[in-house]
2 protein chains.
Amino acid sequence: MDGNRQQAIVDAAKKSLALFGYKGTTMDQVAKMANVSKGSIYNFFASKEDLFAVIVEDMVRELESVLHASVQNGQPVFTSLHHVMSDVLQFRQEHELLAKLYHEMHELGTAAANDAIRHIDDKVLSFIERLIRQAVQQDQLKPCDPEITAFLFMRFYIALVSEWSERHEPLDNEMISHLFQFYFVQGLGISS
Amino acid sequence: MDGNRQQAIVDAAKKSLALFGYKGTTMDQVAKMANVSKGSIYNFFASKEDLFAVIVEDMVRELESVLHASVQNGQPVFTSLHHVMSDVLQFRQEHELLAKLYHEMHELGTAAANDAIRHIDDKVLSFIERLIRQAVQQDQLKPCDPEITAFLFMRFYIALVSEWSERHEPLDNEMISHLFQFYFVQGLGISS
DNA sequence: AAATGACCGAATAACGATTTTGGTCATCTG
DNA sequence: CAGATGACCAAAATCGTTATTCGGTCATTT
């Protein structure tokens, strides 16, 4: 049945977390799903938090591979940035566990979910920061502070994709790409 | 003591709301502070919500006068926009009642506070939208959708002023003005 | 006619009883 | 005898009930 007990536990925990969220999954539940006694879990993981941290790390690794795959060398930076954000949002929607955590954070404010999301966001942010730093070095972008730029870029994207939809018809992908180009790249000023 | 009972009630309610927030102010409390019996309040206001709505309307009027004062004709749009947002943020900080409501909305999620803040934000948003629409007509700004532009402008500003400070040293006014000019007006693209 | 405050029902808080949950450990087993 | 087990524990969450508070009313007073 289980060549590897530890993996069975992790798998069960992932499944339970995706189904019931952090608050909703108990160690007994995980043990049952993994066909393992509760005590056994503590042979591999120090605590519920620890088990969760390991799973979040897994998720971060998955995300990182998505990020690396989504930027193709040779493309203009703005295309890469758009791809990255688009893929991140898709990852958020399709990855059941992440989607559940995102939901739990907003609905229940669970601290653990909060930390996990922040961890993920930090990864995305620093990835974008690196991308921007490279672009500046290659004269594809005006000289700028990469940290602030990455931060503003993410806020801008989230504003367009999520926050606009709270009170208006959602903008489609093409529109978002266009707006991003219009406001963030070209700027609003009359070019003299 | 009170030439005008209604005004005494409104004043007391304002004071109580600023001190204890919406949830924290009771009609008994307001009555006591206004030196008036509770029943009297209902001669002028249909409900606690109604009393609150009147006070919020007062606040909106105050804000509108601030908004109108903060844009001086003849200035470039971007300067006006910066002034407007700067004044709005100052208004938020200095106006005890508004600051309290803002806090209550974030901490307790009180519905009434939520609605009030949204009402205020809508006013600012539509004011900025008008400003932008004028600027476009006067060829001071590229042709653009004023609604989306106003929306993005506000998000951008809030990102710089509040959200950046959550995890970094706050940016000073001059820096914000500069960043706004750099990102929003000129754009990040290499001008060819 | 207008002000008052005792009064009402509904909503909220306070409280203790009960259950659940993360974590342990003496015992069992392969 | 390493490692798996599940009864067990203290702390925390949940639940049901009681007590209090609050928005709003209205008979009475001024």
Side-chain angles (χ1 to χ4, degrees), chain A residues 1-56 100-101 104-105 107-116, chain B residues 1-56 100-101 104-105 107-116:
Chain A
M1 183 70 81
D2 45 16
N4 188 343
R5 294 175 73 81
Q6 178 163 358
Q7 192 57 46
I9 292 169
V10 169
D11 288 347
K14 277 183 185 172
K15 199 173 295 182
S16 175
L17 285 167
L19 279 172
F20 311 117
Y22 183 84
K23 265 194 79 170
T25 82
T26 69
M27 296 303 261
D28 281 298
Q29 173 77 233
V30 173
K32 196 173 289 179
M33 287 175 89
N35 273 107
V36 144
S37 77
K38 186 164 59 158
S40 286
I41 299 178
Y42 289 88
N43 284 337
F44 302 103
F45 306 96
S47 63
K48 183 183 179 182
E49 272 193 32
D50 183 43
L51 171 57
F52 183 62
V54 167
I55 287 171
V56 169
K100 188 79 191 179
L101 287 178
E104 191 174 354
M105 168 178 139
E107 296 303 301
L108 309 179
T110 315
N114 242 304
D115 293 349
Chain B
M1 183 71 80
D2 44 19
N4 188 344
R5 296 176 74 80
Q6 179 163 356
Q7 193 56 45
I9 292 168
V10 169
D11 288 346
K14 278 183 184 173
K15 199 172 294 181
S16 174
L17 285 167
L19 278 173
F20 312 117
Y22 183 83
K23 265 193 80 171
T25 84
T26 70
M27 296 303 262
D28 282 295
Q29 174 76 232
V30 172
K32 195 173 292 178
M33 287 176 87
N35 273 107
V36 145
S37 77
K38 187 161 61 157
S40 287
I41 299 178
Y42 289 88
N43 285 338
F44 302 102
F45 305 97
S47 63
K48 183 182 179 184
E49 272 193 35
D50 183 42
L51 171 56
F52 182 62
V54 168
I55 287 171
V56 169
K100 187 79 192 180
L101 287 178
E104 189 174 356
M105 168 179 139
E107 296 304 300
L108 309 178
T110 314
N114 242 303
D115 293 349

Kindly calculate the angle separating the two end axes of the helix from C/dA1-D/dT30 to C/dG30-D/dC1, each obtained from five base pairs, and round it to 10 degrees. 20°

Of all the choices, D/dG3, C/dT4, D/dG6, which nucleotide is nearest to the side chain of A/Asn43 once you look at every atom? D/dG3

Salt bridge (charged side-chain N to carboxylate O under 4.0 Å, His left out) partners of A/Asp28, counting only residues at least two apart: A/Lys38

Would you mind reporting whether B/Asp11 and B/Lys15 have side-chain heavy atoms less than 4.5 Å apart? no

Which atoms of nucleotides 21-23 of chain D (N or O only) lie under 3.5 Å from a protein N or O atom, and what are those distances?
residue, atom, partner, partner atom, Å
D/dG23, OP1, B/Thr25, O, 3.4
D/dG23, OP1, B/Lys48, NZ, 2.8
D/dG23, OP2, B/Met27, N, 2.7
D/dG23, N7, B/Lys38, NZ, 3.2

What's the CG-P distance between B/Leu108 and C/dT12, to the nearest Å? 13 Å

Heavy-atom count around B/Gln7 CD within 6.0 Å, excluding the residue itself: above 12? yes

Pairs satisfying ring pair (Phe, Tyr, Trp, His ring centres under 6.0 Å), at least one member in residues 7-51 of chain A, at least two apart: A/Tyr22-A/Phe52

Salt bridge (charged side-chain N to carboxylate O under 4.0 Å, His left out) partners of B/Lys14, counting only residues at least two apart: B/Asp58

Which atom of B/Leu101 lies closest to which atom of B/Ala113, heavy atoms considered: O-CB, 3.8 Å

Scan residues 11-18 of chain B against DNA chain C and write down, sorted by residue number, each residue with any heavy atom closer than 4.0 Å; if none is found, say none. none

Taking the side chain as every heavy atom from C-beta outward, state whether B/Ser16 and B/Leu19 have any pair of such atoms under 4.5 Å apart. no

Taking the side chain as C-beta and beyond, is there a heavy-atom pair between B/Lys48 and B/Thr25 under 4.5 Å? yes

